[in-house]
S.K.: 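Sharing a structure below in structure tokens format, with a few things to ask.
Everything numeric in this text was worked out from a predicted model, so none of it was measured. Just so you know, these numbers use all the heavy atoms, side chains as well, and skip hydrogens, waters and symmetry mates.
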Amino acid sequence: MKKITTPLDAETIEDLTTGDEVLISGTIYTMRDAAHARIAEMVEKKEKLPLDFKNQIIYYCGPTPAREGNVIGSCGPTTSSRMDKFTPMLLQLGIKGMIGKGERTTPVKDAIAKNKAVYFSALGGLGAEYARSVIKSEVVAFAELGPEAIYKLEVEDFYAVVIDDTKGNDLYSMFHFS
């Protein structure tokens, strides 16, 4: 198990290999479909973006409201392929990591390798467990989108598995049978 911190640096990213289990500590940002679409519109209009994406990790997640006394509600991963049409743009903006669930398309896997980034998978169905890794949560953009707003999460020992690494390796392709 490797412990890594955010923002990600080139040395850390290069050291990650498909199949590595990691515990992530630091800041990660949530983004789902609607937030991705808004960022794409802003990029197209050359508007100022609500955050600097350089070396950041995006978590494909729409957290539920926190119960009293908790930092956040359930915060499990959502299906990553829905974000694939936006991923090359976000990699161009400087993100170095994404967390979600499920396989990525070939163009996205190629873009991940080209941009020296990494794709992690979180485990579906464990949203309540992932909430325990969140020590602070705040909305930083698009509050009107509710759970699809961009949240800044401070996490400690957030568990994930490296699926796609900087060398173009893909963990899911190892399990395809013909």
Side-chain angles (χ1 to χ4, degrees), residues 1-33 35-36 53 55-64 71-88 90-91 94-137 147 150-178:
M1 184 85 63
K2 294 180 177 178
K3 287 192 169 217
I4 62 173
T5 58
T6 65
L8 296 175
D9 60 43
E11 184 178 331
T12 298
I13 297 167
E14 282 293 327
D15 186 49
L16 296 173
T17 302
T18 295
D20 283 347
E21 295 177 90
V22 297
L23 294 173
I24 302 167
S25 294
T27 300
I28 61 175
Y29 293 91
T30 67
M31 283 181 63
R32 288 188 53 154
D33 314 59
H36 278 78
F53 290 99
N55 298 331
Q56 300 300 330
I57 293 178
I58 302 298
Y59 181 27
Y60 304 142
C61 169
T64 62
V71 173
I72 195 168
S74 180
C75 60
T78 194
T79 304
S80 302
S81 61
R82 295 200 323 258
M83 269 50 82
D84 278 3
K85 67 182 175 183
F86 302 110
T87 300
L90 281 163
L91 289 165
I95 67 165
K96 289 298 181 185
M98 298 147 283
I99 306 169
K101 66 179 182 181
E103 193 171 8
R104 310 306 297 264
T105 60
T106 298
V108 167
K109 290 186 272 189
D110 292 345
I112 290 168
K114 177 183 173 190
N115 289 282
K116 300 293 182 193
V118 63
Y119 169 57
F120 304 96
S121 180
L123 302 173
L126 295 179
E129 288 300 316
Y130 279 111
R132 294 174 194 231
S133 297
V134 179
I135 55 178
K136 186 176 177 188
S137 169
I150 298 177
Y151 286 74
K152 178 181 177 182
L153 305 180
E154 297 297 326
V155 297
E156 187 172 301
D157 292 339
F158 184 100
Y159 177 81
V161 177
V162 176
I163 302 299
D164 295 297
D165 65 22
T166 60
K167 296 131 196 113
N169 299 312
D170 175 58
L171 186 63
Y172 289 126
S173 68
M174 297 177 185
F175 298 104
H176 288 176
F177 302 98
S178 55

S.K.: Would you mind writing out the side-chain donor-acceptor pairs for residues 6-14 within the sub-3.5 Å range, not counting sequence neighbours?
M.R.:
unit_1	atom_1	unit_2	atom_2	d
T6	OG1	T27	N	2.6
T6	OG1	T27	O	2.8
D9	OD1	E11	N	3.2
D9	OD1	T12	N	2.7
D9	OD1	T12	OG1	2.8

S.K.: Restricting to ring-ring contact (aromatic ring centres under 6.0 Å, His included), what partner residues turn up for F86, sequence neighbours left out?
M.R.: H36

S.K.: With a 4.5 Å heavy-atom cut-off, do Y130 and V155 have their side chains touching?
M.R.: no

S.K.: Carefully, step by step, assess I163 and T18 under the rule side-chain contact (heavy atoms from CB on, under 4.5 Å).
M.R.: CA-CA 5 Å; I163 302 299; T18 295; over 6 Å; no

S.K.: Just to verify, what does D15 make a salt bridge (Lys or Arg N to Asp or Glu O under 4.0 Å) with, not counting sequence neighbours?
M.R.: K2

S.K.: With sequence neighbours left out, write down each residue that passes side-chain hydrogen bond (donor to acceptor under 3.5 Å, both in side chains) with S25, or none if nothing qualifies.
M.R.: none

S.K.: To the nearest 0.5 angstrom, please state how far the CD1 atom of I58 sits from the CG atom of L90.
M.R.: 6.5 Å

S.K.: I need the full list of side-chain hydrogen bond (donor to acceptor under 3.5 Å, both in side chains) pairs touching residues 116-127, with sequence neighbours left out, sorted by first then second residue.
M.R.: S80-Y119

S.K.: Would you say the side chain of F53 lies within less than 4.5 Å of the side chain of M31, judging by non-hydrogen atoms?
M.R.: yes

S.K.: Looking at every non-hydrogen atom in both residues, tell me the closest pair between F120 and A160 and how far apart they are.
M.R.: CB-CB, 3.8 Å

S.K.: Quick one: side chain to side chain contact (heavy atoms under 4.5 Å, CB included) partners of P147, sequence neighbours excluded?
M.R.: none

S.K.: For the side chain of K96 and the backbone of N115, is there at least one donor-acceptor N/O pair under 3.5 Å apart?
M.R.: yes

S.K.: Excluding sequence neighbours, so at least two apart, what forms ring-ring contact (aromatic ring centres under 6.0 Å, His included) with Y59?
M.R.: F158

S.K.: To the nearest 0.5 angstrom, please state how far the CD1 atom of I28 sits from the OG atom of S133.
M.R.: 8.5 Å

S.K.: With sequence neighbours excluded, give me every salt bridge (Lys or Arg N to Asp or Glu O under 4.0 Å) pair touching residues 78-88.
M.R.: D33-R82, D84-R104

S.K.: CG/N169 to CD1/I112 distance, rounded to the nearest 0.5 angstrom?
M.R.: 12.0 Å

S.K.: Does anything in residues 153-165 pair up under salt bridge (Lys or Arg N to Asp or Glu O under 4.0 Å), and if so which pairs, sequence neighbours excluded?
M.R.: K3-D157

S.K.: List the residues meeting side-chain hydrogen bond (donor to acceptor under 3.5 Å, both in side chains) with Y159, not counting sequence neighbours, and say none if there are none.
M.R.: E21

S.K.: Any pair with a residue in residues 118-130 that passes salt bridge (Lys or Arg N to Asp or Glu O under 4.0 Å), sequence neighbours left out, goes on the list, sorted by first then second residue, please.
M.R.: E129-R132

S.K.: What pairs with K101 under salt bridge (Lys or Arg N to Asp or Glu O under 4.0 Å), at least two apart in sequence or on another chain?
M.R.: none

S.K.: Looking at D170 and S173, what are the two nearest heavy atoms and their distance?
M.R.: O-OG, 2.7 Å

S.K.: Determine whether L91 and K114 satisfy the following criterion, side-chain contact (heavy atoms from CB on, under 4.5 Å), listing intermediate values before the conclusion.
M.R.: CA-CA 9 Å; L91 289 165; K114 177 183 173 190; over 6 Å; no

S.K.: Looking at T30 and C61, what are the two nearest heavy atoms and their distance?
M.R.: CB-O, 3.5 Å

S.K.: From the options D20, V162, V161, select the one residue that forms a side chain to side chain contact (heavy atoms under 4.5 Å, CB included) with L171.
M.R.: V161

S.K.: Donor-acceptor pair, distance only, cut-off 3.5 Å: does the side chain of T64 make one with the backbone of S74?
M.R.: yes

S.K.: Tell me the closest heavy-atom pair linking K167 and L16, and the distance in Å.
M.R.: NZ-O, 3.5 Å

S.K.: Can you confirm whether Y151 sits close enough to V134 that some side-chain heavy atom of one is under 4.5 Å from a side-chain heavy atom of the other?
M.R.: no

S.K.: To the nearest 0.5 Å, tell me how far Y29 OH sits from Q56 CD.
M.R.: 5.0 Å

S.K.: Can you check whether K152 reaches K136 side chain to side chain, under 4.5 Å on heavy atoms?
M.R.: no

S.K.: Between I135 and V71, is there a side-chain heavy-atom distance shorter than 4.5 Å?
M.R.: no

